[in-house]
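All remarks here apply to the structure that follows.
Here is the naming used below: chain letters follow the sequence lines, and residue numbers restart at 1 for every chain. As the structure is a computational prediction, the values presented were derived from the model and not from experiment.
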Number of protein chains: 2
Amino acid sequence: MTNKLNLNNLTKSEEDYLKAIFQLLIEDDSVKVGNNQLADYLKVSPASTNNMIKKLKTKGYVVSEKYGKLDLTEEGKSIAVRLIRKHRLWETFLCNYLNFTWDEVHDVAEQLEHIKSRKLIDELDRFMDFPKKDPHGEMIPNANGDYSIIPKIMLSSLSEGDVCQLVAVNDGSVHFLKYVSEIGLALSSEIKILEVREFDKSIRIKFDNIIETVTRKFADNVFVKKVV
Amino acid sequence: MTNKLNLNNLTKSEEDYLKAIFQLLIEDDSVKVGNNQLADYLKVSPASTNNMIKKLKTKGYVVSEKYGKLDLTEEGKSIAVRLIRKHRLWETFLCNYLNFTWDEVHDVAEQLEHIKSRKLIDELDRFMDFPKKDPHGEMIPNANGDYSIIPKIMLSSLSEGDVCQLVAVNDGSVHFLKYVSEIGLALSSEIKILEVREFDKSIRIKFDNIIETVTRKFADNVFVKKVV
DNA sequence: TTAATTTGTTAGTCATGGCTAACTTTTTTA
DNA sequence: TAAAAAAGTTAGCCATGACTAACAAATTAA
């Protein structure tokens with residue numbers, strides 16, 4: 001166990017890159033991540049990512065061959081998971097204790113996740129009594145960095161008559177989160193699929209006695225577990 | 001009331017400089033602050049401070065003449081006070097809710113004070129029920145930026161027989177804070193001056209039935225209010 | 001009041017992490 | 001399979017905020 005004393009002397013940028021690569025890797029499972037794709041995701045130029053990738057390779061967090069796709073080393077993954085842990089714990093804190101709403105937490109958590117203090121985050125975890133999920137329904141990695149991914153079923157993959165429960169939402173866009181809140185959906189909402197329209201794949205759903213029509217794009221960002 | 005929408009688009013460095021100038025200005029009341037002094041305080045070269053001062057002058061936060069001393073504009077002061085507010089609120093949170101001790105909070109608060117979110121800090125304030133003092137006994141500026149300084153009496157300024165109460169400690173050094181904790185002093189401790197030794201100005205004090213001898217340097221960093 | 005010392009300034013360098021423009025390699029598709 | 005498109009790379013530039021070395025002004029001391 002060559003558990004090298006992880007000094008975590010990473011810049012904010014380096015951390016952002018590692019987290020981004022990790023997110024892209026797990027998002028589109030088993031599909032490898034490319035340089036331009038990463039640039040796109042981080043909203044920087046491909047030249048910038050190329051540069052940073054080089055640096056992260058020499059530091060031993062990223063692996064890739066010239067003109068090849070990107071992957072993370074164990075060390076790289078471990079750092080990314082710790083960032084995700086911090087991000088989600090802060091989001092939970094903001095929502096549950098500081099009156100933030102679903103859609104307000106992301107930007108602030110994005111800043112807070114870079115605060116460097118092991119004790120801070122572990123104590124925050126304890127203070128909230130070790131929450132398992134963040135406000136968007138995503139699992140919070142524990143202090144050991146165990147990252148369990150619950151298989152995500154998209155609402156859009158269900159058929160008429162199915163009943164499901166909202167377990168998570170894609171927190172990538174504030175507009176989307178606002179929309180979800182506004183129509184009244186919440187974690188654990190029970191949703192029944194009334195109709196899937198062939199024409200544009202829009203879906204008519206019912207929850208809490210509310211009937212709504214949502215687009216395919218919307219349904220792709222809502223994750224559920226099947227009940228019936 | 002030209003209350004210009006303060007976008008607060010300042011870098012971490014710019015914030016650090018403004019706060020440092022403010023601290024130096026109020027520390028040595030009415031004594032003006034020089035460039036080298038600032039460099040010393042921030043542990044950077046005089047060339048660096050000179051550079052940054054130029055920038056902060058053009059941005060309208062600092063005023064000074066060539067080869068002259070430094071002062072802050074109202075805008076500059078207001079930013080510094082908000083940073084101090086954030087710093088002290090975070091310190092309070094760390095101590096009162098996350099099991100941090102007196103001497104552990106500074107470094108983390110130094111990072112947290114740069115998080116940009118008005119809502120975050122005001123909600124944190126509310127969550128803790130608007131604390132008036134931080135763990136070191138310093139006043140916490142309120143959301144309006146009202147910064148009331150309690151006149152600080154140094155323990156070293158008292159005479160034999162005086163009784164006083166600990167109201168604050170200088171939080172500039174971790175070693176000092178550790179020392180204070182270790183001998184058992186706490187905020188509100190009642191301290192009696194038993195003896196002031198002429199030879200080296202060391203002071204024999206009694207508190208909570210503990211008798212200790214402290215150096216002049218120590219006593220210069222302990223602030224009290226007189227009781228008898 | 002001149003000399004020494006301290007304080008402040010300027011010029012020029014470096015690392016980080018962005019950028020554009022031009023180029024090369026790989027992949028797609030016609 | 002050859003041309004077009006997409007993806008990846010390189011070179012060279014910029015701003016920020018550090019630095020050192022050299023110099024100028026102001027202050028202190030002899």
* Interatomic distance where CG belongs to Leu38(B) and P belongs to dT6(C) [whole Å] -> 20 Å
* Using a cut-off of strictly less than 4.0 Å, decide whether Tyr67(B) has a side-chain nitrogen or oxygen near OP1 or OP2 of dT10(C). => no
* To do: Provide, to the nearest angstrom, the distance between the CG atom belonging to Leu42(B) and the C1' atom belonging to dG17(D).
  => 12 Å
* Side-chain N or O of Asn50(A) less than 4.0 angstrom from OP1 or OP2 on dT9(D)? -> yes
* Whole-Å gap separating P (dG17(D)) and CD (Glu15(B)) -> 11 Å
* Asked: Is any side-chain N of the basic residue among Glu110(B) and Lys19(B) closer than 4.0 Å to the acidic one's carboxylate O?
  -> yes
* N/O (side chain, Lys54(B)) to phosphate O (OP1/OP2, dT10(C)) under 4.0 Å -> yes
* Asked: When the nearest nucleotide of DNA chain D is assigned to Ala47(B) and to Asn51(B) on a heavy-atom basis, which residue is associated with the more 5' position?
  -> Asn51(B)
* Rounded off to whole Å, could you give me the NE2-to-P distance for the His114(A) and dG17(C) pair? => 12 Å
* Can you tell me the distance, in whole Å, between the NZ atom of Lys66(A) and the P atom of dT27(C)? => 15 Å
* Asked: Hey, are Arg85(A) and Asp122(A) close enough for a salt bridge, meaning a charged N less than 4.0 Å from a carboxylate O?
  -> yes
* Asked: Contact class for Ser13(A) vs. all strands (heavy atom < 4.0 Å): base, sugar-phosphate, or nothing?
  -> sugar-phosphate
* Should Lys77(B) and Glu74(B) count as an ion pair when the cut-off is N to O under 4.0 Å? -> yes
* Between dT9(C), dT10(D), dT16(C), which one does the side chain of Pro46(B) approach most closely? -> dT9(C)
* To do: Provide, to the nearest angstrom, the distance between the CD1 atom belonging to Ile53(A) and the P atom belonging to dT9(D).
  => 9 Å
* Would you call the rings of Phe93(A) and Phe127(B) parallel, tilted or perpendicular, where under 30° means parallel and over 60° means perpendicular? -> perpendicular
* Structure fact -> Rounded to whole Å, NZ of Lys69(B) lies from P of dT7(C) at a distance of 7 Å
* To do: Tell me whether the OP1 or OP2 atom of dC19(C) has a side-chain N or O from Ser48(A) closer than 4.0 Å.
  => yes
* Does Thr11(A) make a side-chain N or O approach to OP1 or OP2 of dG17(C) shorter than 4.0 Å? -> yes
* To do: Could you check whether the rings of Tyr179(B) and Phe218(B) sit parallel, tilted or perpendicular, using 30° and 60° as the cut-offs?
  => perpendicular
* Does Ser45(B) put a side-chain nitrogen or oxygen below 4.0 Å from OP1 or OP2 of dC19(D)? -> yes
* Specify the separation, in whole Å, of atom CE of Met52(B) and atom P of dT16(D). => 9 Å
